[in-house]
Amino acid sequence: MVTEIADALSVAALSFAYVKEHKRQSIISDLNLNVRQGELISILGASGCGKTTLLNLIAGLIEPQGGAITISGSKKGQAVGYIFQEDALLPWRTVGSNLRLAAELRHELQDSIEADLQEYLKSFHLTADIVKKYPGELSGGMRQRVSIIQSLLFKPELILLDEPFSALDFYTKLRLESEFYSLIKKQNKAAILVTHDIDEAIAISDRVLIMDRAGKFSNEFIVDLKEREPEDVRGTTEFATYFHQIWSALKSNIAFEGI
Amino acid sequence: MKQASLENKIVWFLYPLPLLCLLTLWYFYTLDSKEHQFIFSSPAQVWQTFLRLTYSGELLRNAAVTVFEASIGFILGTISGAALGLSLWASRIVARLSKPYIVAAGAIPIFALAPIIIVWFGIGIVSKVALAFIATFVVAIGQAYQGAVTVEPKYLRLMQVFGATKMQTFRTVIVPSSLIWVINAMKLNIGLALLGAFIGEFISAEQGLGKMIVSASGTYDMATVYVGVVALVVISLLLTSLVDLSERRLLRWKR
Ligand SMILES: Nc1ncnc2c1ncn2[C@@H]1O[C@H](COP(=O)(O)OP(=O)(O)OP(=O)(O)O)[C@@H](O)[C@H]1O
Ligand SMILES: [Mg+2]
(Lines give C-alpha, C1' and ligand atoms only; values in the text may rest on other atoms or scores of the structure.)
(Ligands and ions follow the chains in the order given, each with its own letter.)
Protein backbone atom coordinates (compact mmCIF):
# COMPACT_ATOMS: atom_id res chain seq x y z
CA MET A 1 0.00 0.00 0.00
CA VAL A 2 1.41 3.35 -1.01
CA THR A 3 0.34 6.45 0.84
CA GLU A 4 0.89 9.83 -0.72
CA ILE A 5 1.91 12.39 1.84
CA ALA A 6 1.43 15.87 0.54
CA ASP A 7 4.15 18.47 0.87
CA ALA A 8 3.08 21.14 3.28
CA LEU A 9 5.87 23.34 2.01
CA SER A 10 8.00 23.27 -1.05
CA VAL A 11 10.79 25.74 -1.66
CA ALA A 12 12.58 25.63 -5.00
CA ALA A 13 15.75 27.43 -6.10
CA LEU A 14 15.18 30.20 -3.60
CA SER A 15 17.55 33.13 -3.55
CA PHE A 16 17.63 36.32 -1.56
CA ALA A 17 20.10 39.15 -1.10
CA TYR A 18 20.07 42.34 0.91
CA VAL A 19 20.93 45.32 -1.25
CA LYS A 20 22.44 48.26 0.57
CA GLU A 21 24.01 51.23 -1.19
CA HIS A 22 24.47 49.25 -4.41
CA LYS A 23 26.19 46.46 -2.50
CA ARG A 24 24.58 43.05 -2.75
CA GLN A 25 24.90 40.76 0.21
CA SER A 26 23.69 37.35 -0.84
CA ILE A 27 22.04 35.56 2.09
CA ILE A 28 20.11 32.66 0.56
CA SER A 29 21.23 31.11 -2.69
CA ASP A 30 19.62 28.36 -4.69
CA LEU A 31 18.01 26.76 -1.67
CA ASN A 32 15.63 23.82 -1.94
CA LEU A 33 13.45 22.45 0.82
CA ASN A 34 10.41 20.22 1.11
CA VAL A 35 8.54 19.65 4.32
CA ARG A 36 5.84 17.02 4.47
CA GLN A 37 2.64 17.27 6.37
CA GLY A 38 3.18 16.03 9.91
CA GLU A 39 6.91 16.50 9.63
CA LEU A 40 9.01 18.53 12.02
CA ILE A 41 12.39 19.68 10.77
CA SER A 42 15.15 21.61 12.46
CA ILE A 43 17.62 24.02 10.95
CA LEU A 44 21.00 24.51 12.58
CA GLY A 45 23.63 26.95 11.45
CA ALA A 46 26.08 29.60 12.49
CA SER A 47 24.77 32.90 13.76
CA GLY A 48 24.09 35.24 10.85
CA CYS A 49 23.98 32.53 8.17
CA GLY A 50 20.41 33.40 7.17
CA LYS A 51 18.06 31.19 9.20
CA THR A 52 15.73 33.99 10.27
CA THR A 53 15.85 35.39 6.74
CA LEU A 54 14.67 32.04 5.38
CA LEU A 55 11.74 31.94 7.81
CA ASN A 56 10.84 35.53 6.88
CA LEU A 57 10.80 34.52 3.23
CA ILE A 58 8.59 31.50 3.87
CA ALA A 59 6.20 33.62 5.95
CA GLY A 60 5.99 36.14 3.11
CA LEU A 61 7.38 39.00 5.17
CA ILE A 62 10.06 39.65 2.56
CA GLU A 63 10.10 38.91 -1.16
CA PRO A 64 12.66 36.55 -2.68
CA GLN A 65 14.63 37.64 -5.73
CA GLY A 66 14.37 34.22 -7.28
CA GLY A 67 12.74 30.84 -6.82
CA ALA A 68 9.33 29.73 -5.65
CA ILE A 69 7.65 29.03 -2.33
CA THR A 70 4.53 26.91 -2.28
CA ILE A 71 2.57 26.26 0.87
CA SER A 72 0.22 23.26 0.82
CA GLY A 73 -1.00 24.07 -2.64
CA SER A 74 -1.98 27.63 -1.81
CA LYS A 75 0.05 30.73 -2.48
CA LYS A 76 2.54 31.77 0.18
CA GLY A 77 1.71 33.98 3.13
CA GLN A 78 -1.40 32.08 4.04
CA ALA A 79 -1.93 29.86 7.03
CA VAL A 80 1.64 30.12 8.21
CA GLY A 81 2.17 30.51 11.94
CA TYR A 82 5.39 32.20 12.95
CA ILE A 83 6.89 32.41 16.41
CA PHE A 84 9.52 35.12 16.20
CA GLN A 85 12.96 35.04 17.75
CA GLU A 86 11.71 37.83 20.02
CA ASP A 87 8.07 37.64 21.13
CA ALA A 88 5.67 40.17 19.64
CA LEU A 89 2.77 40.11 22.08
CA LEU A 90 0.95 43.44 22.07
CA PRO A 91 1.79 44.97 25.46
CA TRP A 92 -1.44 46.97 25.78
CA ARG A 93 -3.59 43.87 25.44
CA THR A 94 -4.04 41.24 28.11
CA VAL A 95 -2.70 37.76 27.45
CA GLY A 96 -6.24 36.56 26.76
CA SER A 97 -6.85 39.31 24.26
CA ASN A 98 -3.51 38.57 22.59
CA LEU A 99 -4.45 34.91 22.30
CA ARG A 100 -7.77 35.78 20.70
CA LEU A 101 -6.14 38.19 18.25
CA ALA A 102 -6.01 35.85 15.25
CA ALA A 103 -9.66 34.87 15.66
CA GLU A 104 -10.61 38.52 16.08
CA LEU A 105 -8.85 39.51 12.86
CA ARG A 106 -10.63 36.75 10.97
CA HIS A 107 -13.98 37.71 12.50
CA GLU A 108 -14.30 34.25 13.99
CA LEU A 109 -16.56 33.67 16.93
CA GLN A 110 -14.52 33.87 20.12
CA ASP A 111 -16.37 30.87 21.58
CA SER A 112 -15.04 28.66 18.81
CA ILE A 113 -11.46 28.87 20.08
CA GLU A 114 -12.18 28.94 23.81
CA ALA A 115 -11.92 25.17 24.32
CA ASP A 116 -8.63 24.99 22.39
CA LEU A 117 -7.29 27.96 24.31
CA GLN A 118 -7.89 26.31 27.68
CA GLU A 119 -6.46 23.04 26.42
CA TYR A 120 -3.28 24.69 25.12
CA LEU A 121 -2.77 26.61 28.35
CA LYS A 122 -2.83 23.28 30.17
CA SER A 123 -0.50 21.59 27.69
CA PHE A 124 2.04 24.36 28.05
CA HIS A 125 1.80 24.42 31.84
CA LEU A 126 0.23 27.86 32.16
CA THR A 127 -2.49 28.57 34.69
CA ALA A 128 -5.89 29.76 33.48
CA ASP A 129 -5.68 33.10 35.28
CA ILE A 130 -2.76 34.15 33.07
CA VAL A 131 -5.27 35.45 30.50
CA LYS A 132 -6.03 38.45 32.72
CA LYS A 133 -2.39 39.53 32.96
CA TYR A 134 -0.50 41.84 30.65
CA PRO A 135 2.56 40.53 28.74
CA GLY A 136 4.78 42.90 30.73
CA GLU A 137 3.89 41.00 33.89
CA LEU A 138 5.16 37.65 32.56
CA SER A 139 8.61 36.11 32.46
CA GLY A 140 10.38 35.69 29.13
CA GLY A 141 9.67 31.96 29.08
CA MET A 142 5.97 32.51 29.79
CA ARG A 143 5.72 35.10 27.01
CA GLN A 144 7.34 32.66 24.60
CA ARG A 145 4.81 29.98 25.51
CA VAL A 146 1.95 32.44 25.07
CA SER A 147 3.35 33.30 21.62
CA ILE A 148 3.35 29.62 20.68
CA ILE A 149 -0.28 29.25 21.79
CA GLN A 150 -1.20 32.42 19.92
CA SER A 151 0.23 30.90 16.75
CA LEU A 152 -1.46 27.54 17.28
CA LEU A 153 -4.84 29.26 17.69
CA PHE A 154 -4.28 30.79 14.26
CA LYS A 155 -4.63 27.17 13.06
CA PRO A 156 -1.82 27.25 10.51
CA GLU A 157 -0.84 24.32 8.33
CA LEU A 158 2.81 25.20 8.72
CA ILE A 159 4.45 26.56 11.86
CA LEU A 160 7.76 28.40 11.84
CA LEU A 161 9.66 28.71 15.10
CA ASP A 162 12.74 30.84 15.57
CA GLU A 163 14.58 29.65 18.67
CA PRO A 164 11.37 29.43 20.70
CA PHE A 165 12.74 27.48 23.64
CA SER A 166 16.06 29.23 24.08
CA ALA A 167 14.92 31.45 26.96
CA LEU A 168 13.69 28.58 29.10
CA ASP A 169 15.24 26.68 31.96
CA PHE A 170 16.36 23.17 31.10
CA TYR A 171 13.48 21.27 32.66
CA THR A 172 10.69 23.50 31.31
CA LYS A 173 12.36 23.26 27.95
CA LEU A 174 12.23 19.46 27.98
CA ARG A 175 8.57 19.47 28.92
CA LEU A 176 7.61 22.01 26.26
CA GLU A 177 9.62 20.25 23.57
CA SER A 178 7.77 17.07 24.36
CA GLU A 179 4.37 18.82 24.37
CA PHE A 180 5.11 20.60 21.16
CA TYR A 181 6.33 17.49 19.39
CA SER A 182 3.29 15.41 20.26
CA LEU A 183 0.97 18.30 19.36
CA ILE A 184 2.45 18.63 15.89
CA LYS A 185 2.21 14.89 15.40
CA LYS A 186 -1.36 14.72 16.72
CA GLN A 187 -2.60 17.57 14.54
CA ASN A 188 -0.51 16.39 11.57
CA LYS A 189 0.94 19.86 10.98
CA ALA A 190 4.31 20.72 9.52
CA ALA A 191 6.87 22.69 11.48
CA ILE A 192 10.27 24.25 10.90
CA LEU A 193 12.32 24.88 13.98
CA VAL A 194 15.39 27.10 13.94
CA THR A 195 17.65 26.41 16.88
CA HIS A 196 21.23 26.54 18.11
CA ASP A 197 20.70 23.55 20.35
CA ILE A 198 21.77 20.26 18.77
CA ASP A 199 20.12 18.22 21.54
CA GLU A 200 16.82 19.95 20.92
CA ALA A 201 17.08 19.49 17.17
CA ILE A 202 17.64 15.75 17.52
CA ALA A 203 15.04 15.25 20.22
CA ILE A 204 12.09 16.81 18.45
CA SER A 205 12.64 16.60 14.73
CA ASP A 206 12.32 14.10 11.97
CA ARG A 207 15.07 15.75 9.98
CA VAL A 208 17.94 18.06 10.88
CA LEU A 209 19.32 20.41 8.24
CA ILE A 210 22.52 22.36 8.48
CA MET A 211 22.72 25.69 6.78
CA ASP A 212 26.10 26.92 5.62
CA ARG A 213 27.52 30.40 5.13
CA ALA A 214 26.52 30.40 1.48
CA GLY A 215 22.85 30.15 2.42
CA LYS A 216 22.36 26.54 1.33
CA PHE A 217 21.77 23.34 3.20
CA SER A 218 25.07 21.52 3.39
CA ASN A 219 23.98 18.44 5.35
CA GLU A 220 20.83 16.55 6.06
CA PHE A 221 20.25 14.02 8.83
CA ILE A 222 17.16 11.86 8.98
CA VAL A 223 16.47 11.34 12.65
CA ASP A 224 14.88 8.00 13.30
CA LEU A 225 14.63 7.42 17.01
CA LYS A 226 12.87 4.59 18.78
CA GLU A 227 12.59 6.60 21.96
CA ARG A 228 11.08 10.11 21.65
CA GLU A 229 10.42 11.23 25.20
CA PRO A 230 12.82 14.22 25.48
CA GLU A 231 13.47 13.43 29.12
CA ASP A 232 14.81 9.99 28.27
CA VAL A 233 16.07 10.22 24.71
CA ARG A 234 19.13 12.26 25.58
CA GLY A 235 20.78 9.31 27.34
CA THR A 236 20.56 6.77 24.53
CA THR A 237 23.47 5.65 22.34
CA GLU A 238 21.44 6.41 19.19
CA PHE A 239 21.20 9.96 20.37
CA ALA A 240 24.93 10.18 21.01
CA THR A 241 25.63 8.95 17.49
CA TYR A 242 23.37 11.59 15.93
CA PHE A 243 24.92 14.23 18.13
CA HIS A 244 28.41 13.26 17.04
CA GLN A 245 27.53 13.33 13.33
CA ILE A 246 25.69 16.63 13.47
CA TRP A 247 28.29 18.29 15.61
CA SER A 248 31.13 17.39 13.23
CA ALA A 249 29.14 18.71 10.27
CA LEU A 250 28.27 21.90 12.11
CA LYS A 251 31.84 22.39 13.36
CA SER A 252 33.26 22.43 9.86
CA ASN A 253 30.68 25.06 8.96
CA ILE A 254 31.29 27.36 11.88
CA ALA A 255 35.03 26.87 12.04
CA PHE A 256 36.13 28.69 8.90
CA GLU A 257 34.49 31.85 10.17
CA GLY A 258 37.25 31.89 12.77
CA ILE A 259 35.31 33.22 15.72
CA MET B 1 9.55 50.11 50.13
CA LYS B 2 9.93 51.82 53.49
CA GLN B 3 12.66 54.05 52.07
CA ALA B 4 10.38 55.24 49.28
CA SER B 5 7.50 56.10 51.60
CA LEU B 6 9.81 58.05 53.87
CA GLU B 7 11.16 59.93 50.89
CA ASN B 8 7.60 60.70 49.80
CA LYS B 9 6.78 62.11 53.22
CA ILE B 10 9.83 64.34 53.21
CA VAL B 11 9.09 65.61 49.71
CA TRP B 12 5.45 66.33 50.54
CA PHE B 13 6.51 68.09 53.70
CA LEU B 14 9.03 70.23 51.83
CA TYR B 15 6.81 71.10 48.87
CA PRO B 16 5.37 74.35 50.36
CA LEU B 17 8.76 75.52 51.65
CA PRO B 18 10.04 77.46 48.60
CA LEU B 19 6.60 79.09 48.21
CA LEU B 20 6.59 80.15 51.87
CA CYS B 21 10.07 81.63 51.52
CA LEU B 22 8.97 83.62 48.49
CA LEU B 23 5.84 84.88 50.23
CA THR B 24 7.82 85.91 53.30
CA LEU B 25 10.38 87.74 51.19
CA TRP B 26 7.62 89.48 49.29
CA TYR B 27 5.79 90.38 52.52
CA PHE B 28 8.77 92.07 54.15
CA TYR B 29 9.96 93.75 50.95
CA THR B 30 6.60 95.46 50.43
CA LEU B 31 5.72 95.92 54.11
CA ASP B 32 6.41 99.63 54.64
CA SER B 33 7.18 100.96 51.19
CA LYS B 34 4.45 102.58 49.05
CA GLU B 35 6.93 102.58 46.17
CA HIS B 36 7.54 98.83 46.36
CA GLN B 37 3.82 98.21 46.83
CA PHE B 38 3.04 100.17 43.67
CA ILE B 39 5.14 97.85 41.55
CA PHE B 40 4.91 94.56 43.46
CA SER B 41 1.61 95.00 45.31
CA SER B 42 1.69 92.99 48.56
CA PRO B 43 0.40 89.65 49.82
CA ALA B 44 -2.33 91.37 51.83
CA GLN B 45 -3.52 93.48 48.90
CA VAL B 46 -3.57 90.50 46.56
CA TRP B 47 -5.55 88.49 49.12
CA GLN B 48 -8.08 91.31 49.54
CA THR B 49 -8.40 91.72 45.77
CA PHE B 50 -8.87 88.00 45.45
CA LEU B 51 -11.73 88.08 47.95
CA ARG B 52 -13.32 91.13 46.30
CA LEU B 53 -13.12 89.62 42.80
CA THR B 54 -14.46 86.34 44.09
CA TYR B 55 -17.44 87.87 45.88
CA SER B 56 -18.33 90.06 42.91
CA GLY B 57 -18.21 86.95 40.72
CA GLU B 58 -15.81 88.73 38.39
CA LEU B 59 -12.95 86.24 38.87
CA LEU B 60 -15.08 83.17 38.35
CA ARG B 61 -16.79 84.63 35.28
CA ASN B 62 -13.50 85.58 33.61
CA ALA B 63 -11.85 82.29 34.55
CA ALA B 64 -14.83 80.36 33.22
CA VAL B 65 -14.62 82.19 29.88
CA THR B 66 -10.91 81.47 29.51
CA VAL B 67 -11.30 77.83 30.55
CA PHE B 68 -14.21 77.41 28.15
CA GLU B 69 -12.31 78.87 25.18
CA ALA B 70 -9.14 76.92 25.94
CA SER B 71 -10.99 73.64 26.56
CA ILE B 72 -13.05 73.75 23.39
CA GLY B 73 -9.97 74.65 21.35
CA PHE B 74 -7.97 71.95 23.14
CA ILE B 75 -10.53 69.22 22.57
CA LEU B 76 -11.19 70.07 18.92
CA GLY B 77 -7.52 70.67 18.13
CA THR B 78 -6.15 67.62 19.91
CA ILE B 79 -8.76 65.18 18.63
CA SER B 80 -8.72 66.31 15.01
CA GLY B 81 -4.93 66.75 15.01
CA ALA B 82 -4.34 63.31 16.50
CA ALA B 83 -6.80 61.68 14.11
CA LEU B 84 -5.17 63.34 11.12
CA GLY B 85 -1.63 62.63 12.33
CA LEU B 86 -2.40 58.95 12.87
CA SER B 87 -4.10 58.55 9.52
CA LEU B 88 -1.08 60.04 7.75
CA TRP B 89 0.44 56.62 8.52
CA ALA B 90 -1.78 55.15 5.81
CA SER B 91 -0.06 56.99 2.99
CA ARG B 92 3.63 57.66 2.85
CA ILE B 93 3.20 60.03 -0.08
CA VAL B 94 0.56 62.17 1.62
CA ALA B 95 2.66 62.19 4.78
CA ARG B 96 5.75 63.34 2.89
CA LEU B 97 3.79 66.00 1.01
CA SER B 98 2.25 67.43 4.16
CA LYS B 99 5.39 67.36 6.26
CA PRO B 100 6.85 70.76 5.19
CA TYR B 101 3.44 72.38 5.66
CA ILE B 102 3.05 70.97 9.14
CA VAL B 103 6.56 72.06 10.07
CA ALA B 104 5.90 75.53 8.66
CA ALA B 105 2.59 75.80 10.51
CA GLY B 106 4.32 74.74 13.70
CA ALA B 107 6.95 77.45 13.23
CA ILE B 108 4.46 80.34 13.13
CA PRO B 109 4.26 81.94 16.56
CA ILE B 110 0.67 82.00 17.73
CA PHE B 111 1.17 85.63 18.69
CA ALA B 112 1.67 86.53 15.02
CA LEU B 113 -1.52 84.77 14.01
CA ALA B 114 -3.68 86.31 16.71
CA PRO B 115 -4.41 89.66 14.98
CA ILE B 116 -5.36 87.87 11.75
CA ILE B 117 -7.65 85.44 13.53
CA ILE B 118 -9.34 88.27 15.40
CA VAL B 119 -9.99 90.08 12.13
CA TRP B 120 -11.47 86.89 10.69
CA PHE B 121 -13.55 85.73 13.64
CA GLY B 122 -14.23 88.93 15.57
CA ILE B 123 -13.43 89.86 19.15
CA GLY B 124 -15.85 87.34 20.69
CA ILE B 125 -15.23 83.85 22.00
CA VAL B 126 -14.91 82.22 18.55
CA SER B 127 -11.56 83.84 17.74
CA LYS B 128 -10.08 82.61 21.04
CA VAL B 129 -11.34 79.08 20.46
CA ALA B 130 -9.79 79.28 16.99
CA LEU B 131 -6.44 80.36 18.40
CA ALA B 132 -6.46 77.58 21.01
CA PHE B 133 -7.44 75.17 18.25
CA ILE B 134 -4.60 76.18 15.95
CA ALA B 135 -2.02 76.07 18.73
CA THR B 136 -3.01 72.54 19.75
CA PHE B 137 -3.80 71.10 16.32
CA VAL B 138 -0.27 71.38 14.96
CA VAL B 139 1.32 69.73 17.99
CA ALA B 140 -1.23 66.92 17.96
CA ILE B 141 -0.62 66.13 14.27
CA GLY B 142 3.14 66.05 14.74
CA GLN B 143 3.12 63.90 17.86
CA ALA B 144 0.49 61.47 16.57
CA TYR B 145 2.30 60.98 13.26
CA GLN B 146 5.60 60.47 15.06
CA GLY B 147 3.89 57.86 17.23
CA ALA B 148 2.41 56.09 14.22
CA VAL B 149 5.69 55.78 12.33
CA THR B 150 7.77 54.71 15.31
CA VAL B 151 5.65 51.62 15.98
CA GLU B 152 7.83 48.62 16.70
CA PRO B 153 8.27 46.67 13.43
CA LYS B 154 7.73 43.34 15.15
CA TYR B 155 4.10 44.22 15.84
CA LEU B 156 3.58 45.05 12.17
CA ARG B 157 5.22 41.74 11.23
CA LEU B 158 2.81 39.92 13.54
CA MET B 159 -0.15 41.58 11.85
CA GLN B 160 1.25 40.65 8.46
CA VAL B 161 1.65 37.01 9.49
CA PHE B 162 -1.97 36.99 10.70
CA GLY B 163 -3.05 38.41 7.35
CA ALA B 164 -4.51 41.59 8.85
CA THR B 165 -5.83 44.30 6.54
CA LYS B 166 -4.39 47.79 6.66
CA MET B 167 -7.43 49.04 8.52
CA GLN B 168 -7.14 46.22 11.09
CA THR B 169 -3.46 46.99 11.58
CA PHE B 170 -4.34 50.64 12.07
CA ARG B 171 -6.93 49.88 14.71
CA THR B 172 -5.15 47.09 16.58
CA VAL B 173 -1.56 48.31 16.47
CA ILE B 174 -1.05 51.86 15.23
CA VAL B 175 -3.65 53.62 17.37
CA PRO B 176 -2.93 51.91 20.70
CA SER B 177 0.84 52.05 20.35
CA SER B 178 0.71 55.76 19.49
CA LEU B 179 -1.39 56.54 22.53
CA ILE B 180 1.66 57.54 24.58
CA TRP B 181 2.50 60.15 21.94
CA VAL B 182 -1.06 61.44 21.84
CA ILE B 183 -1.11 61.78 25.61
CA ASN B 184 2.19 63.61 25.40
CA ALA B 185 0.57 65.97 22.90
CA MET B 186 -2.29 66.50 25.36
CA LYS B 187 0.17 67.49 28.07
CA LEU B 188 1.90 70.02 25.84
CA ASN B 189 -1.44 71.25 24.52
CA ILE B 190 -2.94 72.29 27.84
CA GLY B 191 -0.44 75.10 28.15
CA LEU B 192 -0.71 75.95 24.47
CA ALA B 193 -4.52 76.07 24.52
CA LEU B 194 -4.47 78.41 27.52
CA LEU B 195 -1.81 80.51 25.82
CA GLY B 196 -3.86 80.71 22.61
CA ALA B 197 -7.01 81.78 24.43
CA PHE B 198 -5.06 84.17 26.62
CA ILE B 199 -3.29 85.88 23.72
CA GLY B 200 -6.61 86.35 21.95
CA GLU B 201 -8.09 87.95 25.04
CA PHE B 202 -4.97 89.97 25.60
CA ILE B 203 -5.20 91.57 22.16
CA SER B 204 -8.88 92.19 22.03
CA ALA B 205 -11.76 90.85 24.08
CA GLU B 206 -14.71 91.70 26.27
CA GLN B 207 -14.07 89.14 28.98
CA GLY B 208 -11.70 86.46 30.19
CA LEU B 209 -8.58 86.38 32.36
CA GLY B 210 -6.46 87.87 29.59
CA LYS B 211 -8.80 90.82 29.31
CA MET B 212 -8.86 91.19 33.11
CA ILE B 213 -5.06 91.26 33.28
CA VAL B 214 -4.65 93.77 30.44
CA SER B 215 -7.23 96.16 31.86
CA ALA B 216 -5.73 95.95 35.34
CA SER B 217 -2.17 96.50 34.17
CA GLY B 218 -3.38 99.54 32.22
CA THR B 219 -4.37 101.13 35.52
CA TYR B 220 -1.35 99.78 37.46
CA ASP B 221 -3.68 97.58 39.51
CA MET B 222 -0.95 95.02 40.15
CA ALA B 223 -2.97 93.11 42.73
CA THR B 224 -5.58 92.17 40.11
CA VAL B 225 -2.84 91.23 37.65
CA TYR B 226 -1.34 88.83 40.20
CA VAL B 227 -4.73 87.31 40.99
CA GLY B 228 -5.20 86.71 37.26
CA VAL B 229 -1.77 85.10 36.88
CA VAL B 230 -2.30 82.82 39.86
CA ALA B 231 -5.72 81.86 38.51
CA LEU B 232 -4.10 80.85 35.21
CA VAL B 233 -1.52 78.75 37.04
CA VAL B 234 -4.20 77.01 39.09
CA ILE B 235 -6.29 76.29 35.97
CA SER B 236 -3.27 74.90 34.17
CA LEU B 237 -2.42 72.61 37.11
CA LEU B 238 -6.00 71.36 37.36
CA LEU B 239 -6.21 70.56 33.66
CA THR B 240 -2.82 68.85 33.76
CA SER B 241 -3.91 66.58 36.58
CA LEU B 242 -7.01 65.75 34.54
CA VAL B 243 -4.74 64.56 31.71
CA ASP B 244 -2.58 62.62 34.19
CA LEU B 245 -5.70 60.89 35.43
CA SER B 246 -6.76 59.84 31.96
CA GLU B 247 -3.20 58.77 31.22
CA ARG B 248 -3.24 56.41 34.17
CA ARG B 249 -6.51 54.93 32.94
CA LEU B 250 -5.46 54.60 29.30
CA LEU B 251 -1.98 53.22 29.96
CA ARG B 252 -3.00 50.80 32.70
CA TRP B 253 -0.91 48.05 31.08
CA LYS B 254 2.22 50.06 31.85
CA ARG B 255 1.33 50.00 35.55
N1 LIG C 1 17.34 44.13 7.43
C2 LIG C 1 18.56 43.73 7.07
N3 LIG C 1 19.32 44.48 6.25
C4 LIG C 1 20.55 44.08 5.86
N5 LIG C 1 21.11 42.93 6.28
C6 LIG C 1 20.43 42.13 7.10
C7 LIG C 1 19.11 42.50 7.55
N8 LIG C 1 18.67 41.50 8.36
C9 LIG C 1 19.66 40.59 8.42
N10 LIG C 1 20.71 40.96 7.67
C11 LIG C 1 21.94 40.18 7.47
O12 LIG C 1 21.60 38.93 6.93
C13 LIG C 1 22.38 37.91 7.49
C14 LIG C 1 21.49 36.80 8.00
O15 LIG C 1 20.70 37.27 9.06
P16 LIG C 1 19.69 36.33 9.82
O17 LIG C 1 18.99 37.15 10.82
O18 LIG C 1 18.88 35.59 8.85
O19 LIG C 1 20.69 35.33 10.55
P20 LIG C 1 20.38 34.11 11.52
O21 LIG C 1 20.92 32.90 10.86
O22 LIG C 1 18.96 34.10 11.89
O23 LIG C 1 21.29 34.45 12.78
P24 LIG C 1 21.02 34.18 14.35
O25 LIG C 1 21.30 32.75 14.57
O26 LIG C 1 22.04 35.03 15.01
O27 LIG C 1 19.62 34.58 14.65
C28 LIG C 1 23.25 38.55 8.55
O29 LIG C 1 24.55 38.67 8.04
C30 LIG C 1 22.66 39.90 8.77
O31 LIG C 1 23.67 40.82 9.01
MG1 LIG D 1 17.92 34.48 13.67
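Order of the sequence lines fixes the chain letters, A, B, ..., with proteins taken first and strands second; residue numbering starts at 1 for each chain. Just so you know, these numbers come straight off a predicted model, no measurement behind them.
- Other residues, nucleotides and ligands contribute more than 12 heavy atoms inside 6.0 Å of the CD atom of B:E152.
- A:T172 contributes no side-chain N or O that, together with a main-chain N or O of A:L168, makes up a donor-acceptor pair within less than 3.5 Å.
- Relative to the ring axis of B:W253, A:K133 does not place its NZ or CZ within 45° and under 6.0 Å from the centre.
- Under the 4.0 Å criterion applied to side-chain N and carboxylate O atoms, A:E163 and A:K51 are not assigned as salt-bridge partners.
- A salt bridge is defined here as a Lys NZ or Arg NE, NH1 or NH2 lying under 4.0 Å from an Asp or Glu carboxylate O, and A:K185 with A:D206 meets this definition.
- No more than 12 heavy atoms of other residues, nucleotides or ligands sit less than 6.0 Å from atom CD1 of B:I93.
- Among the residues in residues 97-108 of chain B, none has a non-hydrogen atom closer than 4.5 angstrom to a non-hydrogen atom of chain A.
- The contact between A:Y82 and chain B is made by backbone and side chain atoms together, counting heavy-atom distances below 4.5 Å.
- Salt bridge status for A:E157 with A:K189: absent, with no side-chain N to carboxylate O gap under 4.0 Å.
- Using a 4.5 Å cut-off between heavy atoms, A:L160 does not touch chain B at all.
- Ring pair B:F162/A:F154 is tilted by interplanar angle, where 30° to 60° counts as tilted.
- For residues 143-155 of chain A, every residue pair satisfying the salt bridge (Lys or Arg N to Asp or Glu O under 4.0 Å) rule, not counting sequence neighbours, is listed here: A:D87-A:R143, A:E108-A:K155.
- Interface with chain A: from residues 124-145 of chain B, no residue qualifies, criterion being any non-hydrogen pair under 4.5 Å.
- Contacts between residues 173-194 of chain B and chain A, counted as heavy-atom pairs separated by less than 4.5 Å, involve B:V173, B:P176, B:S177.
- Looking at B:T165, neither its backbone nor its side chain comes within 4.5 Å of chain A, counting heavy atoms on both sides.
- Each of A:L121, A:L138, A:V131 was evaluated against A:V146; a single residue qualifies, A:L138, per the side chain to side chain contact (heavy atoms under 4.5 Å, CB included) test.
- Cation-pi geometry between B:R157 and A:F84 is met: under 6.0 angstrom from the ring centre, within 45 degrees of the axis.
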